[in-house]
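Notes follow the structure.
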There are 2 protein chains.
Amino acid sequence: MSQKTYTISELAKEFGVTTRTIRFYEEKGYIHPLREGSKRLFSAADRVRIQLILRGKRIGLSLQECVEVIDMYDPKHNNAEQLHSLKATVQERRALLERQQTDINDMLEGLAEVEALCEQALKNAAADEKAHG
Amino acid sequence: MSQKTYTISELAKEFGVTTRTIRFYEEKGYIHPLREGSKRLFSAADRVRIQLILRGKRIGLSLQECVEVIDMYDPKHNNAEQLHSLKATVQERRALLERQQTDINDMLEGLAEVEALCEQALKNAAADEKAHG
DNA sequence: GCTTACCTTTACGTTAACGTAAAGGTAAGC
DNA sequence: GCTTACCTTTACGTTAACGTAAAGGTAAGC
């Protein structure tokens with residue numbers, strides 16, 4: 001049984017990006033799909049990798065940073081000499097992400113307040129309408 | 001008693017950005033410091049606004065998006081006609097931020113695992129060292 | 001066999017968010 | 001009065017992450 005593969009437009013549609021975006025990622029060496037003739041053939045692993053890249057992007061990482069984080073999950077980069085520096089990188093990234101969480105929480109709180117104010121004002125406007133309109 | 005003001009380099013230093021960044025924000029109309037002769041004088045309100053912009057940036061908003069969110073807090077934009085569209089904008093932004101939180105949580109979990117693996121491998125390496133070195 | 005819907009490469013264009021260099025004004029301290 | 005440390009404006013440069021256009025190959029369906 002051969003593995004399931006995907007075309008470029010299938011993945012583009014699934015992830016809500018253009019085919020240009022996916023080609024760009026290959027151009028930069030972030031993904032390496034196989035070829036069938038000249039056409040790209042994406043494996044399940046390619047698909048997951050693109051998914052991870054886009055997830056990283058959503059939290060504000062650059063593409064470069066995305067693949068750095070993703071490659072941390074790859075066992076072949078875990079040779080003993082690099083473990084110390086890898087750990088440092090992970091912890092640094094972690095601190096940054098935790099700071100982002102704080103920022104997001106602050107903003108969500110603020111937005112909840114504004115939303116409540118809006119609803120109150122809308123109610124008042126509606127009551128006003130009823131009384132005078 | 002006159003209000004406390006700040007120079008451009010004071011704020012740049014406090015927030016860890018260059019003076020160019022702050023001038024750029026004014027250039028784009030995101031802040032409007034007063035002038036004393038040709039020199040910029042930043043009020044406490046200016047300072048807070050810059051702080052909010054930088055906080056927005058940290059969670060991946062564009063400058064434009066930052067000021068849009070910030071201006072939601074400004075009562076003078078809350079006239080009745082715009083409340084509905086304002087509320088929609090707020091909720092949209094909120095959904096996006098919550099998605100980002102999910103993404104960040106996923107990534108933190110993954111990084112915690114990798115970190116644990118690293119520490120284990122380092123321990124093993126140290127034990128190995130002791131046994132054979 | 002010809003449309004239609006895909007796919008390909010090459011290559012120049014675009015926007016955001018500043019960086020950087022040039023050229024100069026000003027106020028404080030020795 | 002001259003250095004030092006600030007401040008100013010103008011203007012061209014840079015990087016990331018694609019967009020877009022041109023020019024063409026291919027496979028399926030009528």
Side-chain angles (χ1 to χ4, degrees), chain A residues 2 4-43 46-47 49-71 93 96 100 103, chain B residues 2 4-43 46-47 49-71 93 96 100 103:
Chain A
S2 63
K4 157 114 190 154
T5 60
Y6 308 83
T7 68
I8 192 167
S9 53
E10 275 171 4
L11 292 185
K13 192 173 180 186
E14 177 178 359
F15 294 133
V17 299
T18 66
T19 57
R20 171 64 175 125
T21 296
I22 295 178
R23 289 196 193 97
F24 177 75
Y25 291 171
E26 185 189 10
E27 209 176 305
K28 290 288 173 176
Y30 299 146
I31 50 178
H32 305 282
L34 294 176
R35 297 287 175 139
E36 184 184 49
S38 67
K39 302 197 173 176
R40 291 171 178 81
L41 267 193
F42 294 83
S43 68
D46 291 326
R47 183 177 159 281
R49 192 172 172 86
I50 294 175
Q51 203 168 23
L52 288 175
I53 291 176
L54 296 175
R55 188 168 83 185
K57 273 195 54 185
R58 281 202 300 276
I59 64 171
L61 300 183
S62 69
L63 290 179
Q64 187 60 50
E65 289 172 325
C66 287
V67 302
E68 278 171 21
V69 172
I70 290 168
D71 287 341
R93 176 72 49 205
L96 202 150
Q100 282 193 320
D103 288 331
Chain B
S2 63
K4 157 113 192 160
T5 60
Y6 306 83
T7 68
I8 192 168
S9 54
E10 275 170 4
L11 292 185
K13 192 173 179 186
E14 177 178 359
F15 295 132
V17 299
T18 66
T19 56
R20 171 65 175 126
T21 296
I22 295 177
R23 288 196 194 97
F24 177 75
Y25 292 171
E26 186 189 8
E27 208 176 305
K28 290 287 171 176
Y30 300 144
I31 50 177
H32 306 281
L34 295 175
R35 297 287 176 141
E36 183 183 48
S38 67
K39 301 196 174 176
R40 293 170 177 81
L41 267 192
F42 295 83
S43 69
D46 292 325
R47 183 177 159 281
R49 193 171 171 87
I50 294 175
Q51 203 168 23
L52 288 175
I53 292 176
L54 296 175
R55 189 168 82 185
K57 274 195 52 185
R58 280 202 302 277
I59 64 171
L61 300 182
S62 69
L63 290 179
Q64 187 60 49
E65 289 172 325
C66 287
V67 302
E68 277 171 21
V69 171
I70 291 168
D71 287 342
R93 175 72 50 206
L96 202 151
Q100 282 193 320
D103 288 332

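These figures come from a predicted structure and were not determined experimentally. Order of the sequence lines sets the chain letters (A, B, ...), proteins ahead of strands, with each chain counted from 1.
- Atom CD1 of B:Ile22 and atom C1' of C:dA17 are 14 Å apart (whole Å).
- Between A:Gln51 and A:Arg55, the closest side-chain pair of non-hydrogen atoms is not below 4.5 Å.
- With both pairing distances under 3.5 Å, C:dT15 is matched to D:dA16 as a Watson-Crick or G-U wobble pair.
- When rounded to the nearest whole Å, the span between NZ of A:Lys28 and P of D:dA16 equals 6 Å.
- A:Ser9 and A:Thr19 get closest at one heavy-atom pair: CA-CG2, 4.1 Å.
- The shortest side-chain heavy-atom distance between B:Ile31 and B:Ile22 falls under the 4.5 Å cut-off.
- Between the CD atom of A:Glu68 and the P atom of D:dA16 there is a distance of 12 Å, given to the nearest Å.
- Of the candidate nucleotides D:dC6, C:dG19, D:dA17, D:dA17 has the atom lying nearest to any side-chain atom of A:Lys57.
- Across D:dT8, C:dG19, C:dT9, the shortest atom-to-atom separation from the side chain of A:Arg40 is found for C:dT9.
- Here D:dT8 is the nucleotide among D:dA17, D:dT8, C:dC18 with the atom lying nearest to any side-chain atom of B:Ile8.
- Counting to the nearest Å, the P atom of D:dT26 and the CG atom of A:Leu41 are 16 Å from each other.
- Note that the CZ atom of A:Arg58 and the SG atom of A:Cys66 stand 10.0 Å from one another [nearest 0.5 Å].
- At D:dC7, one or more side-chain N or O atoms of B:Thr7 fall inside 4.0 Å of OP1 or OP2 (strictly under the cut-off).
- Between A:Tyr25 atom OH and D:dA17 atom C1' there is a gap of 7 Å when expressed in whole angstrom units.
- Proximity of B:Ser38 to the phosphate of C:dT26: no side-chain N or O atom is located under 4.0 Å from OP1 or OP2.
- Here A:Lys4 does not pair with A:Glu10 in a salt bridge; the nearest charged N to carboxylate O distance is not below 4.0 Å.
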**Request:** Go through the steps for A:Val67 and A:Gln64 under the test side chain to side chain contact (heavy atoms under 4.5 Å, CB included), then give the verdict.
**Result:** CA-CA 6 Å; A:Val67 302; A:Gln64 187 60 50; 4.2 Å; yes
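- Residue B:Ile53 holds its CD1 atom at 6.5 Å from OH of B:Tyr25, rounded to the nearest 0.5 Å.
- A:Arg23 comes within contact range of at least one nucleobase, with a heavy-atom separation under 4.0 Å.
- Between the CG atom of B:Leu61 and the P atom of C:dA16 there is a distance of 15 Å, rounded to whole Å.
- In this structure, A:Leu54 CG and A:Leu11 CG are separated by 10.0 Å, a value rounded to the nearest 0.5 Å.
- The separation between B:Glu26 atom CD and C:dC18 atom P is 15 Å, rounded to whole Å.
- Base pairing of C:dG1: its partner is D:dC30, meeting the Watson-Crick or G-U wobble criterion (both donor-acceptor distances under 3.5 Å).
- Which of C:dT8, C:dA27, C:dG19 sits closest to the side chain of B:Thr18 comes down to C:dG19.
- For A:Arg35, the listed nucleotide lying nearest its side chain is C:dT8; candidates were D:dC7, C:dT8, D:dC18.
- Across all strands shown, D:dA22 pairs with C:dT9; the Watson-Crick or G-U wobble distances both stay below 3.5 Å.
- In this structure, OH of B:Tyr30 is placed 12 Å from C1' of C:dC18, rounded to the nearest angstrom.
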Tabulate atom names and distances for all N/O pairs under 3.5 angstrom spanning the protein and nucleotides 20-24 of chain C.
residue	atom	partner	partner atom	Å
C:dT20	O4	B:Arg20	NE	3.3

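- Between C:dC6 and A:Thr19, no contact under 4.0 Å exists linking OP1 or OP2 to a side-chain N or O.
- Of the residues near DNA chain C, A:Phe42 and B:Phe24, the one whose nearest nucleotide (by heavy atom distance) lies more toward the 5' end is A:Phe42.
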